[in-house]
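Read the structure below first, then the notes.
Reminder, nothing fancy here: chain letters follow the sequence lines and each chain counts from 1.
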Number of protein chains: 2
Amino acid sequence: MASKATSIDIAYRAGVSQSTVSRALRNSPLVNLETRQRIQAIAKEMNYKVDKNASNLRTQNSHTLALLICEDPTNDDSLINPFFLSMLGSITRATAQQGYDLLVSFQQLSSDWHADYEDSNKADGIILLGYGDYMDYAHKLEKLLEQNTHFVIWGAEHNNKSVLSIGCDNHQGGLIATEHLVKQGRKSIAFLGDASSRSPEFRDRYLGHCEVLKNNGLKVDKRLQLEAISTESSGFDAAEQLLDKGIAFDAIFAASDLIAIGAMRALKKHGINVPEDVAIVGYDDIPVATFANPSLTTIKQNTQLAGEIIVDSLLKLIRGQEVSGMLIPTNLIVRQSCGNIEEN
Amino acid sequence: MASKATSIDIAYRAGVSQSTVSRALRNSPLVNLETRQRIQAIAKEMNYKVDKNASNLRTQNSHTLALLICEDPTNDDSLINPFFLSMLGSITRATAQQGYDLLVSFQQLSSDWHADYEDSNKADGIILLGYGDYMDYAHKLEKLLEQNTHFVIWGAEHNNKSVLSIGCDNHQGGLIATEHLVKQGRKSIAFLGDASSRSPEFRDRYLGHCEVLKNNGLKVDKRLQLEAISTESSGFDAAEQLLDKGIAFDAIFAASDLIAIGAMRALKKHGINVPEDVAIVGYDDIPVATFANPSLTTIKQNTQLAGEIIVDSLLKLIRGQEVSGMLIPTNLIVRQSCGNIEEN
DNA sequence: CTGAAAGCGCTTACAG
DNA sequence: CTGAAAGCGCTTACAG
C-alpha cells in the first residue's frame, strides 16, 4: 500500500501550510471557511485521518477510556456475569456517544493493571467493574488514588471516600422486592444470598428486605436467611437447606436471578408450586428470567442509565469537575413467579 | 499531581542517557545487564510506564486491535446477541494473551467505521463481528480491502476471496444436530430458521440437516421448514405455524436456541411434551439452554477457540504472514430436550 | 486569517 | 556497550 497520507500531503495538495490543514481539520474558525471546506474535502477524498498517536502525544490525552473487568479467577472462562456484559454494552455505547474510544480488558486480581493504563497514556481514565467488595484489592485502589489516576468503580460504596463509586441502589432494590411480596399477602419470606459484609451488594438487598418486614409488623427470622453465592447450583442448594429445616415459608426473595432459578428447580423437585405455594422474586433481570417457567419476577438494574452515568462521571473527573458517588434506582419487573398469575 | 515521569527523568536518576534508558526498558541485550537491571528498578520505583502514544508514533504501529460489533439497528439496545458477548470475552482474552490491547465499539451499519480505525493508527487491525451475510456492507468491505486495511470477519465465507473470514462450521453443526435426532429414532424433523441466502449461517445449518435426512433415507419435506429469525417470539410463531399446518412431526431442529426456546413455549401451550412427543435441538448453547425446562440439547460453537483463531489470524495478516479462512468445528451438547431423558 | 517553528516522548540508525 | 541526534505526525503559541 502507498504509505498513509499525512497532513503534509494534504497541505501540498491544498496549497496551504500544514498548520492550516491541522486547523481546518479541527474545524477551527481561525481558518477561512472556504479554505476550511476545501481542505476537508481533500482530506476526505484522500481517506486521510488524523494520526491518533501523534495528536494524543501532542495534546497529552488519549480520548480513550479503559474498562477493566476484574474477574473472579475461580470462575469458568465462559461464565462472565451476564450483568457485566450488559454493563459492557451500555458503557461502550455511552463512551462512543461522548466521542471517546474504549479499551476493554479482563484482569486477574493478581496482575499489575493498577499502574498501567493511565500511566502509559493509553487511557485518560479507568472504569473498574469488579466483584464483591473490592476488599481484596483495596491497596491497589489506594495506589491508584496516590498516583492521581482517574477512575470510577462500579458497585458498593468504598470505605475510602475519595474513591468515586457508582452503583445501583441495592437497599432500595431489596425494599421494593419484599414490598411486592408483602403486597401479595406473603408473610414468611425467605432470603437466599450472602448477607455478610463480604457481599455488600447482597447485604444491602437483605437490609432493605428486613426493613420492609419490620415496617409491616413481620418478624425477621434469621433461620429464613440462607447463604448463597450467585450461581444456579448454589441457589438450588440453599433452597434444599431451607426445605430441610422444615420451617414454613410462602415466599423467597433471592439475591440474584441465578439463585432464584436454582431455588425454583429445588422447589419443583419437591412438588412445590410457584407462585401458588411459594412466590419468588429474583434480582438482575438476566435473559433467563424471561424464559424461565414460570417466568421470574425480578429487580432490574438500569444498566443503560448506569453506563451513561459512569462514563459521564469519569469524564467529569478527568476534566477536574465536581463529581460525587451516586446510587441508581432500580425497578420491579413483575412476571409469573410472583404477582402476575393470569398471564401465560 | 507531579507531571508524569519520562524516560529523561529515569535517565537523570540513573546517570545514563535517555537512549540507554529506552533500550534498557525494552530489555535490549545491547545494554549491560547490570545497568539494565538498575534502570528497570528505577523505572519501577518511579511508576514509570513507556508512553504508548510516543512509542506508537515512533514505531508506526499501535499494538492494538479493534473489535467492531455491527449491530442490527432494529434490535433492542439491551439485547445484544449473547453469542457475540461470549465471543467478545474470548477475543478480549486472546488479544491480551498476545500482548495487544483491544478497542471495542458497537457500530451501526450507517456509520463511517470502515475508514477510521486503522487509518488513524488507533489499531493495527480490525475484527468485524456482524450479522447475516454482510451483503449490506459489502461495499465497505471492498473499501477496506482497497485501503489495505487488515481485517478479519466472523461468519460465513465472503464472496470476495480476499476477505479473510473465520467462522464455525455451520454445515457440520446442522449435520450433527440432525444426526443426533435421527439416532433417537425421529423421522419427521422440522427445521425452524431462515433457509435463504439472506442468512448464510442458518442456511448452512439447514443444508447439513437436509444432507443427513437424505443419507438416512428420510425425505426432505419443504413444509417442515419454517422461517424464523433468532428471537424467542419468532420461534414461538414458527412453531405455531407448524402446528397449524397439521403435518405430523416428531422433532424440531431450531437454527438457534432462542428459536428453540420459543418453540418449546408453543409446544407446551398445545400440551405437546418435550422430548416425548417432540424432541428439540437448538443451536448456540446460550445460558438459557441450561436452565430451560426441559433443558435444551444444542450445538455449541467453540467461542474460546474461535477467539484465539481470529486474533491469531489477524496478527498473522498484520505481520504479512500467510493466512487463510477457517471453519471451526462444533460440538453437540446433549440435554433433556433430546436424548438425555433419564436425568432431571 | 496564515505560516514557520517548537515540542510532545519515544525508538533507532549512526558513530564511537 | 553507550550517547547524540533525527524524526514519527501532529497541535498550538507566536509573529505577522
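Using a 4.0 Å heavy-atom cutoff across all strands shown, A/Arg26 reaches sugar-phosphate atoms only and no base atom. Looking at heavy-atom distances under 4.0 Å, B/Ser19 makes contact with a base. Counting any heavy atom pair closer than 4.0 Å across all strands shown, B/Ser22 reaches a base atom.
Under the 3.5 Å distance criterion, the side-chain polar atoms of B/Gln98 are left unmatched by any main-chain donor or acceptor of B/Leu315. Without hydrogens or angle criteria, B/Thr35 side chain to B/Val31 main chain gives no donor-acceptor distance under 3.5 Å. A donor-acceptor pair under 3.5 Å is formed between the side chain of A/Ser313 and the backbone N or O of A/Ile309. Of the possible donor and acceptor atoms, one in the side chain of A/Arg36 sits under 3.5 Å from a partner among the backbone N and O of A/Ser28.
Look at A/Glu45 and A/Arg13 and you find a salt bridge, because one of the NZ, NE, NH1 or NH2 atoms lies within 4.0 Å of a carboxylate O, short of that distance.
Annotation: C/dG9 and C/dA13 have their P atoms spaced 23 Å apart (nearest Å).
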- Note on the structure: Output field dot_bracket for DNA chain C (Watson-Crick or G-U, both distances under 3.5 Å, | for other-strand pairs) contains |||.||||||||.|||
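Counting heavy atoms from C-beta on, the side chains of B/Val104 and B/Ile91 never come closer than 4.5 Å. Taking 4.5 Å as the limit, some side-chain heavy atom of B/Ile39 sits within range of a side-chain heavy atom of B/Thr20. A/Ile127 has its side chain out of reach of A/Trp154: every pair of non-hydrogen atoms, C-beta onward, lies at least 4.5 Å apart. A 4.5 Å side-chain heavy-atom check between B/Asn47 and A/Lys143 finds at least one atom pair inside the cut-off.
Within residues 52-63 of chain A, the residues that place at least one heavy atom under 4.0 Å from DNA chain C are, in residue-number order, A/Leu57, A/Arg58, A/Gln60.
Using modelled atom types and a 3.5 Å distance limit, the side chains of A/Asn27 and A/Gln40 yield a donor-acceptor pair.
When B/Asp101, B/Asp124, B/Asn121 are each tested for a side chain to side chain donor-acceptor pair (under 3.5 Å) with B/Ser62, only one passes: B/Asp124.
Mapping B/Arg23 and B/Asn121 onto DNA chain D by nearest heavy atom places B/Arg23 at the nucleotide closer to the 5' end.
Think of the region where chain B sits on DNA chain D: with heavy atoms and a 4.0 Å cut, that region ends 5' and 3' at D/dC1 to D/dG9.
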